[in-house]
Visitor: 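Mind looking over this structure? Questions follow.
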Amino acid sequence: MSADLLVSMLLSFIPVSEVRGGIPYGYFTGLPLAQVVPLCMLGNMVVPVFAWAFLATLHRWFYAHWNWYRMKFEKFLEKTRKKVQPSVEKYGFWGLMVFVAIPLPMTGAWTGAVAAWLLGIEKHKALLAIVLGIIIASGIVTGVLLGGSSVGSIFIKRV
């Protein structure tokens with residue numbers, strides 16, 4: 001696996017970029033989309049497992065022992081609750097899926113996984129909604145990328 005492909009996959013895992021950062025990075029570094037898209041989706045699909053494992057273990061300790069963490073996490077939860085709760089309460093599974101599918105800041109698999117945990121959505125239903133959302137987001141990002149790749153190549157030099 002090339003270093004650029006690994007970076008693309010890792011970008012798809014981290015909260016700030018997810019597939020909306022991983023797929024363009026891979027494409028503009030010259031990697032074929034047939035490799036980039038599936039690996040970036042896979043990198044993003046493991047997010048709920050990590051998020052839920054973190055929330056069940058380290059989060060509890062951090063929350064109990066670090067005041068700064070508790071304050072930051074409470075702010076994040078409030079933002080998440082305001083953004084996600086109305087659509088999930090109204091549309092349930094589909095609301096969570098669409099929330100994850102929209103490739104914008106403060107949406108995606110990380111926020112969707114935390115929202116599912118916060119709202120008490122069953123893990124298997126939440127996981128399916130998040131995975132479907134990731135597939136849709138990957139399609140949107142790829143479509144936008146193919147429609148505007150000449151603009152994006154200005155920002156990332158092709159190798």
Visitor: Would a hydrophobic clustering, with Ile, Leu, Val, Met, Phe, Trp and Tyr connected at side-chain separations under 4.5 Å, put Leu77 with Ile130?
Guide: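 Hydrophobic grouping puts Leu77 with Ile130.
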Visitor: Where do Met106 and Arg20 come nearest, in terms of heavy atoms and distance?
Guide: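 Nearest heavy atoms, Met106 then Arg20: N-NH2, 4.3 Å.
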Visitor: I need the minimum non-hydrogen distance between His59 and Tyr69, along with the two atoms involved.
Guide: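 His59 and Tyr69 have their closest heavy atoms at ND1-OH, 2.8 Å.
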Visitor: Return the minimal non-hydrogen interatomic distance between Lys83 and Pro105, and the atom names on each side.
Guide: NZ-O, 3.7 Å
Visitor: State, with a plain yes or no, whether a side-chain heavy atom of Leu132 is found less than 4.5 Å away from one of Val100.
Guide: no
Visitor: Taking Trp66 as the starting point, is it possible to reach Leu55 by hopping between hydrophobic residues whose side chains are less than 4.5 Å apart?
Guide: yes
Visitor: Taking all non-hydrogen atoms of both residues into account, name the closest pair between Ala115 and Val84 and its distance.
Guide: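 Closest pair (atom of Ala115, atom of Val84, distance): CB-CG1, 3.6 Å.
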Visitor: Parallel, tilted or perpendicular: which fits the ring planes of Phe54 and Phe62, with parallel below 30° and perpendicular above 60°?
Guide: tilted
Visitor: Consider only side-chain heavy atoms of I, L, V, M, F, W and Y, link residues closer than 4.5 Å, and tell whether Met45 and Leu33 are in one cluster.
Guide: yes
Visitor: Would you call the rings of Tyr63 and Phe73 parallel, tilted or perpendicular, where under 30° means parallel and over 60° means perpendicular?
Guide: perpendicular
Visitor: Rounded to the nearest 0.5 Å, what separation is found between the CD atom of Glu74 and the CZ atom of Arg81?
Guide: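 Rounded to the nearest 0.5 Å, the CD-CZ separation comes to 8.0 Å.
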Visitor: Going from OG on Ser17 to CG on Leu11, what distance comes out if it is rounded to the nearest 0.5 angstrom?
Guide: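 Rounded to the nearest 0.5 Å, the OG-CG separation comes to 4.5 Å.
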Visitor: Tell me the closest heavy-atom pair linking Ala137 and Val19, and the distance in Å.
Guide: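 Distance-wise, the nearest heavy atoms are CB-CG2, 4.1 Å.
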Visitor: Quick check: does any side chain N or O of Asn44 sit under 3.5 Å from a backbone N or O of Glu18, one acting as donor and the other as acceptor?
Guide: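 No.
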Visitor: Treating Ser8 as the side-chain partner and Val36 as the backbone partner, does any N or O pair qualify as donor plus acceptor under 3.5 Å?
Guide: no
Visitor: To the closest 0.5 Å, what do you measure between CD1 (Ile136) and CD1 (Ile102)?
Guide: 10.0 Å
Visitor: Nearest 0.5 Å, please: how far is CD in Gln85 from CD in Glu78?
Guide: 9.0 Å
Visitor: Show me the donor-acceptor pairs, under 3.5 Å and distance only, between side chains in residues 138-148 and residues at least two apart or in other chains.
Guide:
residue	atom	partner	partner atom	Å
Ser138	OG	Ile134	O	2.8
Thr142	OG1	Ser138	O	2.7

Visitor: Show the numbers, then the answer: is there a side-chain contact (heavy atoms from CB on, under 4.5 Å) between Val46 and Phe13?
Guide: CA-CA 8 Å; Val46 298; Phe13 178 78; 3.7 Å; yes
Visitor: I'd like to know if the side chain of Trp117 reaches the main chain of Trp52, judged simply by a donor and an acceptor atom lying under 3.5 Å from each other, with no hydrogens or angles considered.
Guide: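 Absent.
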Visitor: When rounded to the nearest 0.5 angstrom, what distance separates CG in Leu39 from CG in Leu5?
Guide: 5.0 Å
Visitor: Decide whether Val49 and Leu128 are clustered together by the hydrophobic rule: side chain heavy atoms of Ile, Leu, Val, Met, Phe, Trp, Tyr closer than 4.5 Å, transitively.
Guide: no
Visitor: Find out whether Tyr25 and Leu31 are in side-chain contact, i.e. whether some heavy atom of one side chain is under 4.5 Å from a heavy atom of the other.
Guide: no
Visitor: Other residues, nucleotides and ligands only: do more than 12 of their heavy atoms fall within 6.0 Å of CZ on Arg60?
Guide: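 No - once you tally the heavy atoms of other residues, nucleotides and ligands closer than 6.0 Å, there are 12 at most.
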Visitor: Between Leu96 and Ala129, which heavy-atom pair has the shortest distance, and what is it?
Guide: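 For Leu96 and Ala129, the tightest heavy-atom pair comes out as CD2-CB, 3.9 Å.
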Visitor: Answer yes or no: is there a side-chain heavy-atom contact under 4.5 Å between Phe76 and Thr111?
Guide: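 Side-chain contact under 4.5 Å: yes.
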Visitor: Among the clusters formed by ILVMFWY side chains lying less than 4.5 Å apart, do Trp68 and Leu58 turn up in the same one?
Guide: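 In one cluster with Trp68: Leu58, yes.
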